[in-house]
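Proteins get letters first, then strands, A, B, ... in listed order; numbering begins at 1 in each. What you see is a predicted model, and the numbers here were worked out from it, not measured in a lab.
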Amino acid sequence: MKVRVKLFAMLRERAGTADTFHDVPEGSTVKDLWDDLRRAHGGLAGVDLRLLYAVNSEYVALDHRLADGDEVAFIPPVSGG
Amino acid sequence: MKVRVKLFAMLRERAGTADTFHDVPEGSTVKDLWDDLRRAHGGLAGVDLRLLYAVNSEYVALDHRLADGDEVAFIPPVSGG
Amino acid sequence: MYRLTDQPIELNELLAFVGDPAAGAVSTFIGTTRDNNEGRSIISLDYEAYPGMAEQEIAKLGEEAAEKWEITRMAIVHRIGNVPIGEASVIIAVSAPHRDDAFKACRYAIDELKKRVPIWKKEIYRGGEIWIGSQTGERFTTPPTPSSG
Amino acid sequence: MYRLTDQPIELNELLAFVGDPAAGAVSTFIGTTRDNNEGRSIISLDYEAYPGMAEQEIAKLGEEAAEKWEITRMAIVHRIGNVPIGEASVIIAVSAPHRDDAFKACRYAIDELKKRVPIWKKEIYRGGEIWIGSQTGERFTTPPTPSSG
């Protein structure tokens with residue numbers, strides 16, 4: 001399956017990318033994708049922040065199962081306002 | 001002694017006056033003055049509101065003793081805002 | 001900035017006054033004339049104040065707020081005279097380093113203002129006039145006069 | 001009115017939007033860039049959002065507030081990009097028949113916005129830059145780049 005990955009703020013800077021497409025195996029979860037990303041981007045390996053995860057603009061749990069075409073966002077601690 | 005009397009809002013309308021001077025005996029309290037005013041102005045006689053009292057722009061108790069030249073305000077329930 | 005005015009209140013003036021590089025939060029409260037109150041259809045409100053004392057009491061609110069919370073600057077302006085529907089009778093603006101202080105000081109100021117600042121409003125509604133706060137049934141309702149109706 | 005903008009936020013636009021003859025109270029909150037934070041001397045803040053989702057989450061705050069309190073209208077506008085000292089990064093305006101609802105809804109909106117709307121600020125301070133919320137000691141501090149000063 002192909003999913004779109006959105007990275008923001010500190011994650012975006014550390015990965016050096018904001019918006020990419022990834023191939024993931026059927027049945028992959030958000031956690032599987034995140035593990036993949038950490039292998040692909042050395043800058044993300046050291047990140048130990050409490051992240052939030054959104055699929056198609058809705059917050060989901062880390063074990064949420066992905067579908068083909070999903071937009072997956074990794075959301076570091078928000079600091080709007 | 002001579003004191004200045006300020007009436008506001010509903011009290012002003014019922015008394016038909018906003019700002020007058022009154023002669024009061026030495027040792028008079030705010031309550032004595034109020035009783036005088038109710039005798040002088042029939043429109044004030046029926047007033048049974050919870051009033052506040054100010055002498056020279058500071059809130060005082062009903063038994064506050066007046067001094068010559070005081071400005072005494074009778075303050076019906078406030079409703080600013 | 002603590003004052004009464006018989007002109008429309010300019011919010012931007014208050015905001016300019018409370019603005020400060022050290023402030024991260026501004027809380028404002030705007031009280032406006034509603035078109036209805038307790039079933040009465042409101043035409044406008046007429047505000048009267050005890051000048052001098054009203055301004056002094058408003059300034060006290062600011063001093064008290066500054067003792068209770070960490071605020072940077074505060075402005076309270078109350079309008080006197082006739083205030084049509086939708087226009088502001090009072091505006092309060094408070095700046096503070098942090099929002100909790102700004103909100104609490106602003107809320108304190110309007111709550112206390114309504115309790116003890118010598119200002120009164122007369123409601124001009126379809127069918128009569130009434131001094132808010134002094135109404136006790138119909139006893140204190142007076143018919144509108146031709147000039148103010 | 002729930003939106004992001006890369007331009008200075010116009011408070012008067014929000015106030016016009018929430019104004020209503022049935023409203024007697026308007027509470028507004030303005031978040032501004034402070035010149036200091038935890039001992040750092042701030043030059044400006046850079047805001048980044050997840051567009052689409054940020055606006056959607058902001059709109060949810062308004063819906064939730066309308067379920068909890070009796071409010072007339074609400075506007076939340078958040079600025080994105082560089083926000084200099086003293087300028088507003090976020091403005092919230094809430095109108096309601098009565099002030100208690102206006103204050104509580106406004107407070108709820110800014111508190112929840114800071115918890116879960118996908119917007120981030122990077123502090124540009126004298127000596128470096130830091131993503132607020134993601135800082136864990138100096139580990140995540142990056143030196144300023146020549147282009148962002």
Side-chain angles (χ1 to χ4, degrees), chain C residues 9-12 14-16 18-38 41-45 72-73 83-114 121 123 132, chain D residues 9-16 18-38 41-45 72-73 83-111 113-114 121 123 132:
Chain C
I9 309 173
E10 294 293 342
L11 174 61
N12 289 335
L14 279 80
L15 289 179
V18 303
D20 192 291
V26 177
S27 173
T28 75
F29 175 78
I30 307 171
T32 54
T33 298
R34 260 188 309 153
D35 62 5
N36 70 90
N37 190 29
E38 294 174 0
S41 180
I42 309 304
I43 296 161
S44 65
L45 298 177
T72 306
R73 238 180 267 262
V83 181
I85 304 286
E87 294 194 16
S89 51
V90 61
I91 303 188
I92 298 173
V94 188
S95 59
H98 302 287
R99 72 184 182 286
D100 190 55
D101 296 287
F103 269 109
K104 285 180 176 159
C106 189
R107 180 70 196 258
Y108 176 81
I110 183 63
D111 286 354
E112 292 296 311
L113 182 150
K114 284 172 174 272
K121 63 169 153 255
E123 221 178 70
I132 301 301
Chain D
I9 309 173
E10 294 294 342
L11 174 61
N12 289 336
E13 208 180 300
L14 280 80
L15 290 178
V18 303
D20 192 292
V26 177
S27 173
T28 75
F29 175 78
I30 307 171
T32 54
T33 297
R34 262 188 309 154
D35 63 5
N36 71 90
N37 190 29
E38 294 174 0
S41 180
I42 310 304
I43 296 161
S44 66
L45 298 177
T72 307
R73 238 181 267 261
V83 181
I85 303 288
E87 295 194 15
S89 51
V90 62
I91 304 188
I92 298 172
V94 188
S95 60
H98 301 287
R99 73 185 182 286
D100 190 54
D101 296 286
F103 269 109
K104 286 180 176 161
C106 188
R107 181 68 195 259
Y108 176 81
I110 182 62
D111 286 355
L113 182 150
K114 283 172 175 272
K121 64 171 154 255
E123 219 179 73
I132 300 301

Bottom line for C:Asp111: the part with an atom under 4.5 Å from chain D's heavy atoms is both
* chain D contact via C:Ser27 - which portion, at a heavy-atom distance below 4.5 Å ->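 Interface part for C:Ser27: both.
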Interface check, chain D: of C:Gly86, C:Ala25, C:Ala102, C:Gly19, most non-hydrogen pairs under 4.5 Å belong to C:Ala25
Applying a strict 4.5 Å limit to non-hydrogen atoms, the region of D:Thr28 in contact with chain C is both
Correct closest heavy-atom pair for D:Ile85 and C:Pro21 would be CG2-CB, 3.9 Å
- Query: Going by residue number, which parts of residues 87-100 of chain D are within reach of chain C, meaning a heavy-atom gap below 4.5 Å?
  - Reply: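 Residues of residues 87-100 of chain D touching chain C at under 4.5 Å: D:Pro97, D:His98, D:Arg99, D:Asp100.
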Assert top hit (heavy-atom pairs under 4.5 Å, partner chain C, pool D:Asn36, D:Asn12, D:Ile42) equals D:Asn12
To the closest 0.5 Å, what do you measure between [atom1] ([X]) and [atom2] ([Y])?
{"X": "C:Leu15", "Y": "D:Ile30", "atom1": "CG", "atom2": "CD1", "answer": "4.5 Å"}
{"X": "C:Thr72", "Y": "D:Arg34", "atom1": "OG1", "atom2": "CZ", "answer": "9.0 Å"}
{"X": "C:Ile110", "Y": "D:Phe103", "atom1": "CD1", "atom2": "CZ", "answer": "7.0 Å"}

Distance-only, no hydrogens or angles: does the C:Thr32 side chain make a donor-acceptor pair with backbone N or O of D:Ala23 under 3.5 Å? yes
